[in-house]
Novice: 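I am attaching a structure below and will ask some questions about it afterwards.
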Amino acid sequence: MKHFSKQMFSFAVAALFTTALLSSCSKTDKMAEQIKDSVNAHSNGANGNAAKPADAPNAGAAAANGQAGGVAVKSTILAAFLPTLSGFDAKEPENMDMNMQGMSYASATRKYTSGDKTVTLSIFDYNHMAAMTSMYSMYLGGMSVETGEESMHSTKISGNPGWIDWKKKENSGTIGVVVADRFFVIAEGHGGISQDELQSMAEKIDYSGLSKAH
């Protein structure tokens, strides 16, 4: 359960990141409320109360990938998409599958090290994900927040919508990617890694194959 909690925390941070960006601008209050509603729907899903995928804007895409059946892709399949990284030692992937009260969740995480540098790549699937990811796809484009210590902005990773949250002084950060309105990919880097390095590693994942996984 400790591993599950950590994975769900990372997933929630990705959701709250978008909410925080939207809330920072008074003209986007309405959009922020919509995102918050989708985050709340995800939270309710843990109690089996989330909206059915058929209620989501892009439910058709989810159904085409088999998600409408209510079962997440098995974590062992997700783990197969976690690459080896040149110059980094890779640990065996850590997998999690959970089915409980209408919620089907799977994750695969792999850690990589090279000296002080550490990278963690994670792939998440959740059977009510479409209600959230469709919102990300609509609102991620064009987001940008810049301070002396941190940079947060939307981006494209291998053609997929995503974002970067970078801590300038620490040379560490997080890249998130939304894949096929269904999967989340999270890349976390620490220990002096550069933003370009982390983005290059995030791009090593076969997103085309992942989007068709079932």
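Keep in mind that what you see is a predicted model, and the values were worked out from it rather than measured. Computed from heavy atoms alone, side chains included, the values below leave out hydrogens, waters and symmetry copies.
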Novice: More than 12 heavy atoms of other residues, nucleotides or ligands under 6.0 Å from CD of Glu92: yes or no?
Specialist: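 No, the 6.0 Å shell around CD holds no more than 12 heavy atoms from other groups.
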Novice: Which value, rounded to the nearest 0.5 Å, describes the distance between Ser211 atom OG and Asp206 atom CG?
Specialist: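 Rounded to the nearest 0.5 Å, the OG-CG separation comes out at 8.0 Å.
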Novice: Return the CD1 to CZ distance between Ile193 and Phe88, rounded to the nearest 0.5 Å.
Specialist: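 Rounded to the nearest 0.5 Å, the CD1-CZ separation comes to 4.5 Å.
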Novice: Pick from Thr120, Asp89, Leu82: which one makes a side chain to side chain contact (heavy atoms under 4.5 Å, CB included) with Lys111?
Specialist: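 Output: one option passes, namely Thr120.
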Novice: Donor-acceptor pair, distance only, cut-off 3.5 Å: does the side chain of Asn127 make one with the backbone of Ser104?
Specialist: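 It does hold such a pair.
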Novice: Working note: Ser151 + Lys168, criterion side chain to side chain contact (heavy atoms under 4.5 Å, CB included); need CA distance, chi angles, decisive distance, verdict.
Specialist: CA-CA 7 Å; Ser151 172; Lys168 299 176 182 179; 4.0 Å; yes
Novice: Indicate the atoms forming the closest heavy-atom contact of Ser114 with Gly87, along with that distance.
Specialist: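 Minimum heavy-atom contact is OG-O, 3.1 Å.
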Novice: With heavy-atom distances below 4.5 Å as the criterion, would you say the side chains of Asn171 and Trp166 are in contact?
Specialist: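 Touching, per the 4.5 Å side-chain cut-off.
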Novice: Taking all heavy atoms of Gly173 and all of Leu198, pick out the closest pair and write down the distance.
Specialist: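 Closest approach of Gly173 to Leu198: O-CD2, 3.6 Å.
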Novice: Can Ile123 and Val179 be said to form a side chain to side chain contact (heavy atoms under 4.5 Å, CB included), step by step?
Specialist: CA-CA 10 Å; Ile123 303 175; Val179 185; over 6 Å; no
Novice: May I ask you to decide if Glu197's main-chain N or O and Ser194's side chain share a donor-acceptor pair within less than 3.5 Å?
Specialist: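 Present.
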Novice: Please state whether the rings of Tyr105 and Phe124 are parallel, tilted or perpendicular, taking 30° and 60° as the class boundaries.
Specialist: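 Tilted, since the angle between the ring planes falls between 30° and 60°.
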Novice: With side chain to side chain contact (heavy atoms under 4.5 Å, CB included) as the test, would you mind laying out the steps for Leu210 and Leu78 before giving the verdict?
Specialist: CA-CA 8 Å; Leu210 177 61; Leu78 299 181; 4.0 Å; yes
Novice: What are the two closest heavy atoms between Asn95 and Ala108, and how far apart are they?
Specialist: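 The answer is OD1-CB, 3.8 Å.
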Novice: Quick one: closest heavy-atom pair of Ser107 and Ser75, and the distance?
Specialist: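 The pair with the smallest heavy-atom distance is O-CB, 3.3 Å.
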Novice: Kindly compute the distance separating CG (Asn160) from OH (Tyr207), expressed to the nearest 0.5 Å.
Specialist: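 Those atoms lie 7.0 Å apart.
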Novice: On a heavy-atom basis, which atom in Val73 and which in His214 lie closest, and how many Å separate them?
Specialist: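 The pair with the smallest heavy-atom distance is CG2-CA, 3.8 Å.
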Novice: Mind checking whether Val178 and Phe184 have side chains closer than 4.5 Å, heavy atoms only?
Specialist: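 They are in side-chain contact.
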Novice: Per the side chain to side chain contact (heavy atoms under 4.5 Å, CB included) rule, which among Glu203, Lys204, Met201 passes with Pro83?
Specialist: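 The passing option is Lys204.
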Novice: So which atom in Lys117 and which in Gly192 form the shortest heavy-atom distance, rounded to 0.1 Å?
Specialist: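 So the minimum-distance heavy-atom pair works out to CE-O, 3.9 Å.
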Novice: Will you find, in the side chains of Thr174 and Asp165, an N or O donor that is under 3.5 Å from an N or O acceptor?
Specialist: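 There is no such pair (donor and acceptor under 3.5 Å, judged by atom type) between the side chains of Thr174 and Asp165.
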Novice: Salt bridge check: are Asp97 and Lys74 linked by an N-O gap of less than 4.0 Å?
Specialist: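 Looking at Lys74 together with Asp97, the answer is no, because their closest N to O distance does not fall below 4.0 Å.
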Novice: Going from CZ on Arg110 to NZ on Lys91, what distance comes out if it is rounded to the nearest 0.5 angstrom?
Specialist: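 Reported value, rounded in 0.5 Å steps: 12.0 Å.
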Novice: Could you measure the distance from the CD atom of Glu146 to the NE2 atom of His153? Nearest 0.5 Å is fine.
Specialist: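 Reported to 0.5 Å precision, the distance equals 7.5 Å.
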Novice: Report the distance from atom CD of Gln195 to atom CD1 of Ile175, rounding to the nearest 0.5 Å.
Specialist: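 One finds 6.5 Å between CD of Gln195 and CD1 of Ile175.
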